[in-house]
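Below is one structure, written out as structure tokens; comments come after it.
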There are 2 protein chains.
Amino acid sequence: MSPRWRSNGNTESVDNYLKAIFYLGGLEECRVSIKALAERLCVAPASVTNMLQKLAASPAPLVEYERHRGVQLSAAGKRRALEVVRHHRLIETFLYRVLDYPIEEVHEEAERLEHFISERFEERIAAKLGHPTIDPHGHSIPTMEGKMATRESILLADVVEDGTFVIESVSDRDAQNLRLLEACGIVPGARMQVSKSASLEGYSVRIGRSSKVFALSCEVALDIRIVRPTK
Amino acid sequence: MSPRWRSNGNTESVDNYLKAIFYLGGLEECRVSIKALAERLCVAPASVTNMLQKLAASPAPLVEYERHRGVQLSAAGKRRALEVVRHHRLIETFLYRVLDYPIEEVHEEAERLEHFISERFEERIAAKLGHPTIDPHGHSIPTMEGKMATRESILLADVVEDGTFVIESVSDRDAQNLRLLEACGIVPGARMQVSKSASLEGYSVRIGRSSKVFALSCEVALDIRIVRPTK
DNA sequence: GCCTAAAATTAGGTATAGCTAAATTGAGTA
DNA sequence: TACTCAATTTAGCTATACCTAATTTTAGGC
């Protein structure tokens with residue numbers, strides 16, 4: 001006799017651990033340290049150790065964990081992480097395109113809702129949106145089967161030679177910053193002229209044909225991915 | 001340093017208690033027994049006592065609770081309950097009208113999501129739907145200010161004389177049943193000829209101009225509200 | 001007024017997911 | 001090799017929200 005509303009088992013925390021391991025592990029899926037996870041999740045390192053031990057001890061473990069050598073997702077864990085990322089990015093796209101959210105508000109709402117929507121909800125919003133592959137921040141949306149397209153972009157922060165680029169994606173984690181970027185026209189798909197300015201400790205950029213120049217700090221440049229123009 | 005995803009305080013259980021007290025108290029807002037609450041929430045009576053004591057002891061209590069004499073919502077509790085009901089019914093309407101959900105699936109999804117949507121989400125779906133006042137099951141949607149329209153309907157189960165009625169609302173709690181009702185055309189707004197049949201221990205009904213007769217049990221009739229046709 | 005049964009409460013226990021503080025481990029340096 | 005220190009783990013604690021079993025209270029019948 002357990003309350004109706006807990007019947008699905010609450011996977012919120014677990015999902016957040018999996019997502020964090022997924023992001024921190026990068027595409028190379030290297031082992032992630034307890035410290036890095038603790039920082040990303042805003043919990044104490046001891047809490048992370050605890051949770052990972054529990055996850056690793058389950059009959060169908062979502063993580064591969066070895067004492068003192070960090071943690072990695074198992075195949076099942078990666079599948080679940082990609083599902084949550086798909087939920088997150090579909091919801092962001094939906095909020096932006098169907099419910100006309102301001103761009104800087106979609107992340108927070110998606111961060112909450114991603115854990116609670118059903119398969120049906122996922123399928124319906126995907127259909128409504130025409131099965132999108134890119135979210136409003138320019139990030140790839142994993143498919144229902146758990147495949148995520150990889151694109152050959154680089155970090156703006158890694159640019160060494162001045163040139164023209166197309167913005168692939170921006171970070172969704174800092175709403176304040178996102179609002180500023182959007183106001184400057186720094187949005188996925190925009191064409192951007194970049195010049196590295198040593199004096200400024202950052203980058204000067206011009207968007208499209210505008211003559212306005214914006215200064216971007218190195219920190220912000222770490223959150224922007226760009227590609228060479230196709231033509 | 002508490003994890004981001006718990007920052008709002010988890011009000012899921014509390015919301016469910018408030019909603020249950022709201023429904024069981026009825027429009028007269030009478031005191032609700034611990035036993036009734038426990039049954040509705042599928043938890044042990046001891047758990048209800050516990051929760052109510054905690055809720056009543058808070059500096060701004062959501063309930064008025066006295067040992068051995070049941071519980072009632074405070075003004076603040078009623079406000080919150082109506083907000084959750086508004087969320088629930090707006091979400092149901094949204095799922096049905098915008099995302100083309102089958103009618104019998106909207107309740108379960110709304111039951112989960114109602115606790116986690118933001119004010120912005122509420123406002124946006126309401127706008128998208130043209131600020132609806134009735135949900136797909138025929139229930140009134142409370143306003144943003146916490147007012148809920150009351151209509152002069154009666155339970156089908158209270159019908160003593162045969163006659164023609166318009167269906168106001170059906171229950172959303174039993175998906176199976178809801179699917180059957182819909183298949184019979186027993187949906188809000190439909191015109192229904194009712195005859196009480198003693199032999200059947202229930203009602204025989206015909207919908208619109210159809211000649212098909214359906215038998216409804218007394219139990220089902222407890223979940224259908226009807227009104228006299230306006231003309 | 002007393003007795004009984006149902007309802008409510010109390011007492012004590014579980015699991016989850018956090019926490020701090022103390023102990024341990026291991027990786028790089030002297 | 002041994003030392004040091006940061007990272008990790010362990011131990012033991014907290015709060016929430018549930019549970020069962022035992023106790024208390026209340027309300028209705030006699």
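Order of the sequence lines fixes the chain letters, A, B, ..., with proteins taken first and strands second; residue numbering starts at 1 for each chain.
To the nearest angstrom, P of D:dT10 lies 11 Å from CD1 of A:I34. One interatomic measurement links the two molecules: CD of B:E39 to P of C:dA8, which rounds to 10 Å at whole-angstrom precision. For the pair A:E66 CD and C:dG26 P, the computed distance is 11 Å after rounding to whole Å. With rounding to whole Å, A:L52 atom CG is found 12 Å from C:dA17 atom P. One can place CG of B:L37 at 15 Å from C1' of D:dA17, the figure rounded to the nearest angstrom. Across the protein-nucleic acid pair, B:K35 atom NZ and C:dA8 atom P stand 8 Å apart, rounded to whole Å. Summarising the geometry, the separation between CG on B:N16 and C1' on D:dA17 is reported as 13 Å, rounded to the nearest angstrom. Rounding to whole angstrom units, CZ of residue A:R31 and P of C:dG26 are separated by 14 Å.
Applying the 4.0 Å criterion to OP1 and OP2 of C:dA7, one finds that B:S33 has every side-chain N and O outside that range. Side-chain N/O atoms of A:Q53 include one lying less than 4.0 angstrom from OP1 or OP2 on D:dT10. Residue B:Y17 has a polar side-chain atom (N or O) positioned under 4.0 Å from OP1 or OP2 of D:dC18. Applying the 4.0 Å criterion to OP1 and OP2 of D:dT8, one finds that A:R69 has every side-chain N and O outside that range. For B:S47, a side-chain nitrogen or oxygen approaches OP1 or OP2 of D:dC19 to under 4.0 Å. Between B:Y65 and C:dA8 there is no side-chain polar atom (N or O) within less than 4.0 angstrom of OP1 or OP2.
Counting only residues at least two apart or in different chains, side chain to side chain donor-acceptor pair (under 3.5 Å) contacts with residues 22-31 of chain A comprise A:Y23-A:R89, A:E29-A:K78, A:R31-A:E66.
Using a cut-off of 4.0 Å between Lys/Arg side-chain N and Asp/Glu carboxylate O, B:E109 and A:R120 are scored as not salt-bridged. A salt bridge is absent between A:E83 and A:K19: the closest approach of a Lys/Arg side-chain nitrogen to an acidic carboxylate oxygen does not fall below 4.0 angstrom.
DNA chain C is contacted by both A:R67 and A:M51; A:M51 maps to the nucleotide lying nearer its 5′ end (nearest heavy atom per residue).
Using bins of under 30°, 30° to 60° and over 60° for the plane-to-plane angle, the ring pair A:F121/A:F94 lands in the perpendicular bin.
The aromatic ring centres of A:H87 and A:H115 sit 6.0 Å or more apart.
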